[in-house]
Amino acid sequence: MTFDDRAPRLSAARVRALRGLLALFLLLTAALGGIATPASAQIPTPAPPAQAEAAPNPEEIARLRQTLEDPERRAALLGQLRALEQAEEAAAPAEPEGIGTRLLTLLSNRLDGLGQEAALAGDALLNAPQGLHWLERQVSDPAQRAAWGWLVAELVLVLVVGQGARLIAIRTLRRPRAMLAARPIPSPLAKVPLLLVRSLFDLAPIVAFAAAGFGVLALFDPPPVVRVLGVTFLNASIFVQIVLLVVRALLAPASPNLRLIPMSDGSALRLLRWFRTIAITTLYGMFLAEAARRLGLPAQSYGALVTLVGLVVAVMSAVLVLQSREAVAARLRGGIAAAQPLSEAVSPLPPGRRAAGAGRMLRAAGRRVADVWHAIAILYIIVLFGIWALEISGGLLFVVQATAVTLVVAGIARLIGRGITRAAAAILERMDRRRGASAWAAGRLRRYIAPIARLLHGAVAVLGGLVVLNAWGLDVWGWLQTAVGLRIVASGLSLLLVGAIALGVWEVTNGLIERHLATTDRNGRAIQRSARVRTLLPLLRSALLVVLLTLVTLITLSELGLNIGPLLAGAGVVGLAVGFGAQTLVKDVITGLFILFEDTISVGDVVNVGGKGGLVEGMNIRTIRLRDFDGTVHTIPFSAVTSVSNMTKDFSYYVFDVAIPYHENADRVVSVLHGIGDELRKDPRFAPLILEPLEVLGVDSFQESAAVIKARIKTLPIQQWNVGREFNGRMKARFIELGIDFPLPQRTLHIARGAAEVLAGMGAEAGAANAGRMRHAGAAE
């Protein structure tokens with residue numbers, strides 16, 4: 001071994017003397033520590049079995065005494081010890097290692113020292129008879145028999161007196177405990193205070209047992225080792241009773257109404273028996289090993305005995321897991337089947353329809369875990385026993401703490417998840433009861449309840465996962481405090497904030513637009529907005545959506561670390577190139593914008609543009625879409641629109657051209673037309689469509705066989721044809737009723753005198769010929 005250069009080197013004799021001194025010091029420390037164990041100490045943790053050292057002989061003790069008496073040699077020895085201490089401190093790790101690092105280091109050291117381990121295993125086998133020699137010595141040595149006698153007597157007395165005091169306390173408190181057990185409890189939360197009161201009642205017998213036991217120990221004066229072992233046994237008994245008190249409070253085998261964990265009475269009693277057996281085996285087994293060690297059991301035999309106790313406890317735990325396999329699996333499957341996914345809680349599915357997606361996958365995974373949970377539990381028990389048997393420094397405590405943190409985090413996350421689901425369902429139920437304007441706002445907010453609930457579920461899962469990873473040795477919080485971690489957290493929060501702001505702007509704008517377009521009057525009828533509003537507001541909404549998506553995308557790319565400057569410059573160049581190459585498109589857009597802002601054409605108008613006519617079905621910033629009477633759709637770019645004829649702008653006129661014969665009285669016909677107009681205005685079907693009375697302009701023109709009277713009636717936009725058809729039908733019926741003729745096409749011929757005589761002669765000859773043919777036909781008959 002290499003020491004500090006300033007310290008003097010030791011000879012072989014001094015090295016042997018130093019080893020003897022250290023061995024003697026360890027033995028004295030162990031003996032003194034066993035004698036000075038306080039009464040309140042728990043069962044000591046078994047020390048790792050060390051390599052058996054030979055007892056120092058008188059020569060080594062003499063050399064050590066001479067070294068300590070000589071000042072120079074004593075100073076040299078102290079220098080060597082200081083150098084050794086400095087070397088040990090320098091070799092110590094600067095940072096605490098995780099369980100995985102310690103396990104790998106241990107396995108590496110085990111492999112590197114395989115030969116030494118084999119030699120130590122051989123020595124252990126050769127020294128195995130030491131345990132038998134110890135047993136023979138306990139039987140044959142009168143002092144050892146006396147110590148064992150004292151110990152047995154003390155333990156029996158402690159048990160008898162302590163159990164007596166405990167039974168008296170139990171009998172005294174039996175009636176109030178029974179009253180608590182028989183009391184009906186409405187909810188699980190109400191069980192907790194009653195269980196606490198009952199636990200206080202159960203704690204009284206333990207206190208009585210402890211007081212009686214320590215009182216018995218105070219009355220006797222046994223040997224120091226026996227006294228220490230008696231105190232240790234009493235502490236073990238108290239700890240066993242405390243463990244059983246906690247288990248009994250959770251299971252309540254004799255009080256089903258106080259039971260926190262739902263199970264049958266038989267299952268609760270079986271679990272209580274198993275926990276009692278495991279606790280007694282563990283604590284009293286460790287006590288027996290410690291008693292044997294303090295009474296002279298060799299270190300290797302002591303280590304083997306402790307390992308045997310741990311193995312028995314591990315096997316008992318595995319048997320308990322196998323016996324509970326079906327019951328726990330059935331309970332897990334029942335819990336998975338009864339659990340309501342978030343999607344079903346916020347939007348119930350129709351009967352017979354199964355949930356799809358992540359919910360079904362999680363249920364399948366849960367059923368698979370229910371099938372193999374026993375294998376996972378047994379593997380966990382094996383790992384715990386292996387870590388304890390391999391004597392990994394702090395390994396067992398680390399795994400137990402990490403497991404406890406995992407279970408607690410999983411339970412808390414489950415409770416929070418259920419709370420989120422129930423809160424979302426309650427909010428939706430309350431929104432469904434809203435009426436009026438609040439119902440409209442509730443309907444818009446309803447669509448965000450499920451996504452927000454899923455986001456909260458995800459946040460709880462991520463936070464719980466980080467806590468669990470940190471508990472298992474991954475320095476998650478330290479990594480989050482690094483530059484990369486802070487960057488990721490800041491970027492994530494920024495993206496959430498930007499997304500929330502963009503969503504809020506979009507929802508407010510979209511809601512106001514829809515609210516404005518769908519406004520109703522006091523009677524619940526929809527208020528008809530102008531066609532311009534119905535056209536521009538959806539276009540503005542679409543433009544806002546494009547702007548928001550563009551901004552969110554650019555900000556997201558920037559937060560992800562991408563330089564958006566070249567992207568914006570490239571977009572500008574592309575836009576300039578597109579502007580030069582698509583001049584017609586630019587013309588369409590500019591013309592369309594002016595037409596829209598000037599409110600020349602609106603959706604729902606009947607127009608003639610570009611040589612086509614029809615109803616305007618849709619418009620954007622580039623084209624207009626028309627549908628004519630026979631259903632043909634015409635898409636016309638705004639650049640092709642040179643003139644617009646809008647027949648339904650604000651209001652419409654139906655123009656009548658009534659033709660009457662020349663012999664009819666025009667004033668009479670005008671009076672009839674006014675009467676028909678008045679009747680039409682009184683009809684409830686057409687009265688809302690007519691804005692003004694019929695306007696008769698008078699005789700407008702003359703035709704070959706008729707005089708034309710022009711009239712018109714003012715109606716709502718696009719309603720002129722409905723009103724005109726009804727007016728024409730009533731006008732025809734009224735003309736027939738009053739005998740007013742409809743003009744027929746006719747022509748008057750004026751014939752000269754000479755032509756009339758010729759036509760008369762030709763007519764006489766034709767008449768004579770016709771008469772002769774008739775006589776001839778009669779004679780033939």
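Numbers for residues simply follow the sequence, beginning at 1. Heavy-atom basis, side chains included; hydrogens, waters and symmetry copies ignored.
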Original post:
Are any of the side-chain heavy atoms of W479 and V484 separated by less than 4.5 Å?
Top reply: yes
Subject >> Validation row: V160, V156 side chains within 4.5 angstrom (heavy atoms) >> reply: yes
**OP:** Please answer whether the main-chain N or O of R325 pairs with a side-chain N or O of W373 as donor and acceptor at a distance below 3.5 Å.
**Re:** yes
Original post:
With distance as the sole test, does S491 use its side chain to make a donor-acceptor pair with the main-chain N or O of I488 at under 3.5 Å?
Top reply: no
Subject >> Closest non-hydrogen atom pair between I242 and I206, with its separation >> reply: N-CD1, 4.0 Å
Subject >> Residue pair V399 / Y380, side-chain heavy-atom distance below 4.5 Å >> reply: yes
Subject >> pair V243-F275: side-chain heavy atoms closer than 4.5 Å >> reply: no
**OP:** Applying side-chain contact (heavy atoms from CB on, under 4.5 Å), name anything that partners V319, two or more places apart in sequence or on another chain.
**Re:** W274, V315, Q323
Original post:
With D265, which residues qualify under salt bridge (charged side-chain N to carboxylate O under 4.0 Å, His left out), at least two apart?
Top reply: R259
Original post:
What residues form a side-chain contact (heavy atoms from CB on, under 4.5 Å) with R273, not counting sequence neighbours?
Top reply: L269, R276
**OP:** For Q481, enumerate each residue passing the side chain to side chain donor-acceptor pair (under 3.5 Å) test, keeping only those at least two apart in sequence or located in another chain.
**Re:** none
Subject >> Heavy-atom pair with the smallest gap, counting every atom of V321 and A377 >> reply: CG1-CB, 3.9 Å
Subject >> Residues that W477 engages under side-chain contact (heavy atoms from CB on, under 4.5 Å), provided they are two or more places apart >> reply: L463, L466, V467, N470, L480
**OP:** Quick one: closest heavy-atom pair of A314 and I381, and the distance?
**Re:** O-CG2, 3.8 Å
Original post:
For S324, what residues pass the side chain to side chain donor-acceptor pair (under 3.5 Å) criterion, not counting sequence neighbours?
Top reply: R270
Subject >> For T406, side chain to side chain donor-acceptor pair (under 3.5 Å) partners two or more places apart >> reply: W472
Subject >> Value rounded to 0.5 Å, distance of CH2 in W388 from CG in L311 >> reply: 9.0 Å
**OP:** With the side chain counted from C-beta on, respond yes when P451 and L455 share a heavy-atom pair under 4.5 Å apart, and no when they do not.
**Re:** no
Subject >> Heavy-atom side-chain proximity of V312 to T282 below 4.5 angstrom >> reply: no
**OP:** Apply side-chain contact (heavy atoms from CB on, under 4.5 Å) to L496 and list each qualifying residue two or more places apart in sequence or on a separate chain.
**Re:** none
**OP:** Sequence neighbours left out, what passes side chain to side chain donor-acceptor pair (under 3.5 Å) with Q401? Give chain and number order.
**Re:** none
